[in-house]
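Working notes for the structure below.
Values reported hereafter were calculated over all heavy atoms of this structure, with side chains retained and with hydrogens, waters and symmetry mates removed. Naming: A, B, ... by sequence-line order, numbering from 1 per chain.
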There are 2 protein chains.
Amino acid sequence: MGVSKTQLFSVSHNELANAAKVLSHPARIAILEYISKQDNCICTDLVDVIGLAQPTISQHLNEIKKIGLLKGTFEGKNLCYCIDRERWAALQNAFNTFFSNINQNCC
Amino acid sequence: MGVSKTQLFSVSHNELANAAKVLSHPARIAILEYISKQDNCICTDLVDVIGLAQPTISQHLNEIKKIGLLKGTFEGKNLCYCIDRERWAALQNAFNTFFSNINQNCC
DNA sequence: TTTTAATATTGCAATATTACGATGATATAT
DNA sequence: ATATATCATCGTAATATTGCAATATTAAAA
């Protein structure tokens with residue numbers, strides 16, 4: 001049915017899965033990497049950097065915004081935003097916790 | 001067109017995105033967490049633990065297998081497999097590297 | 001005020017994902 | 001040999017994702 005049965009799973013499992021979903025497209029990885037390496041808020045040229053059409057970039061940015069990884073202003077002519085470091089660190093921690101949680105006695 | 005333009009992006013971006021895609025469904029998070037916490041290889045009862053139909057679990061396991069996170073035997077009556085710790089650590093490192101790579105001067 | 005530049009939204013086509021019933025394959029138990 | 005238990009595969013339906021052209025919106029510049 002194409003619909004994930006999210007109600008079967010815990011909140012934390014769904015949250016981690018949602019975060020992973022944002023990272024599950026190379027364009028979004030590239031966008032995040034590019035933004036995170038800037039000295040300041042960025043105010044354009046993602047379309048040139050990534051190589052996808054402007055509406056497509058806009059859509060990807062929206063997915064990234066939805067999980068709170070960006071902060072700044074979004075209305076008007078020029079965007080001005082950057083990585084939300086607090087959220088970034090929280091996601092880093094969530095992934096790290098997940099990966100650390102393995103039983104070292106297995107196999 | 002529903003097709004990701006993977007050729008636009010670097011190998012490492014695509015690899016990280018592919019790994020994230022495996023983690024982008026709560027069932028696979030739950031499956032991986034369950035397996036990783038076992039003392040031994042597991043040989044059944046994932047269907048009961050997760051609560052999805054057996055073919056669905058089988059499909060999810062296949063996605064997990066595809067990126068090399070499982071090792072063991074898969075044919076026959078009883079499965080017997082567990083987490084591939086080397087691959088697990090590699091993915092942990094890949095995510096951690098990605099998240100560590102942020103410019104602390106931004107904003 | 002009219003242009004212009006930058007981003008968002010809409011609508012659509014192509015493809016991917018999720019889920020499960022039915023069925024097939026395999027190995028063990030009876 | 002037959003039944004049973006376990007997992008894989010096939011087929012299919014429902015929904016989600018990706019991408020872009022066309023268009024709208026917004027704010028600043030001319």
*Nearest-Å distance, CD1 (A:I35) to P (C:dT7)?*
11 Å
*Whole Å only: how far is the CG atom of B:L46 from the C1' atom of D:dC7?*
11 Å
_Residue B:Q59, side-chain atoms from C-beta onward, closest of C:dA8, D:dT18, C:dT18_ = C:dT18
*Looking only at side-chain N and O atoms, does B:T56 come under 4.0 Å of OP1 or OP2 in C:dC20?*
yes
_Whole-Å gap separating P (C:dA19) and CG (B:L52)_ = 5 Å
*How long is the line joining CD1 of A:I29 and C1' of D:dT18, in whole Å?*
16 Å
*Nearest non-hydrogen partners of A:G51 and B:L8, listed with the distance*: O-CD1, 3.4 Å
*Nearest whole angstrom, please: distance from the C1' of C:dC20 to the CG of B:L61.*
16 Å
*Give the nucleotide from the list C:dT9, C:dC20, D:dG19 with an atom nearest to the side chain of A:N62.*
C:dT9
*C:dT9 P sits how many Å from A:I57 CD1, rounded?*
16 Å
*What integer distance in Å separates B:L23:CG from C:dT18:P?*
12 Å
*A:H25 or A:Q54, whichever maps to the more 5' nucleotide of DNA chain D*: A:H25
*Relative to the 5' end of DNA chain D, which residue comes earlier, B:P55 or A:R28, by the nucleotide with the nearest heavy atom?*
B:P55
*asked:* Please confirm whether the shortest side-chain N or O distance from A:H60 to OP1 or OP2 of D:dG19 is below 4.0 Å.
replied: yes
_Mutual orientation of the aromatic rings belonging to A:F9 and B:H25 [parallel < 30°, tilted 30-60°, perpendicular > 60°]_ = perpendicular
*Begin with the C-alpha distance, continue with both residues' side-chain angles, and end with the deciding distance and a verdict on side-chain contact (heavy atoms from CB on, under 4.5 Å) for B:N62 and B:K65.*
CA-CA 5 Å; B:N62 223 276; B:K65 274 187 243 167; 3.9 Å; yes
*Is the CD atom of B:E86 crowded by more than 12 outside heavy atoms at less than 6.0 Å?*
no
_Heavy-atom nearest nucleotide on DNA chain C for A:F9 versus A:K65: which residue maps closer to 5'?_
A:K65
*Give the C-alpha distance, both sets of side-chain angles, the deciding distance and a yes or no for side-chain contact (heavy atoms from CB on, under 4.5 Å) between B:I67 and B:L91.*
CA-CA 10 Å; B:I67 52 159; B:L91 289 189; 3.8 Å; yes
*CD1 of A:I50 versus P of C:dT7: gap in Å, rounded?*
13 Å
*So which one's nearest nucleotide on DNA chain C is more toward 5', A:K21 or A:S58?*
A:S58
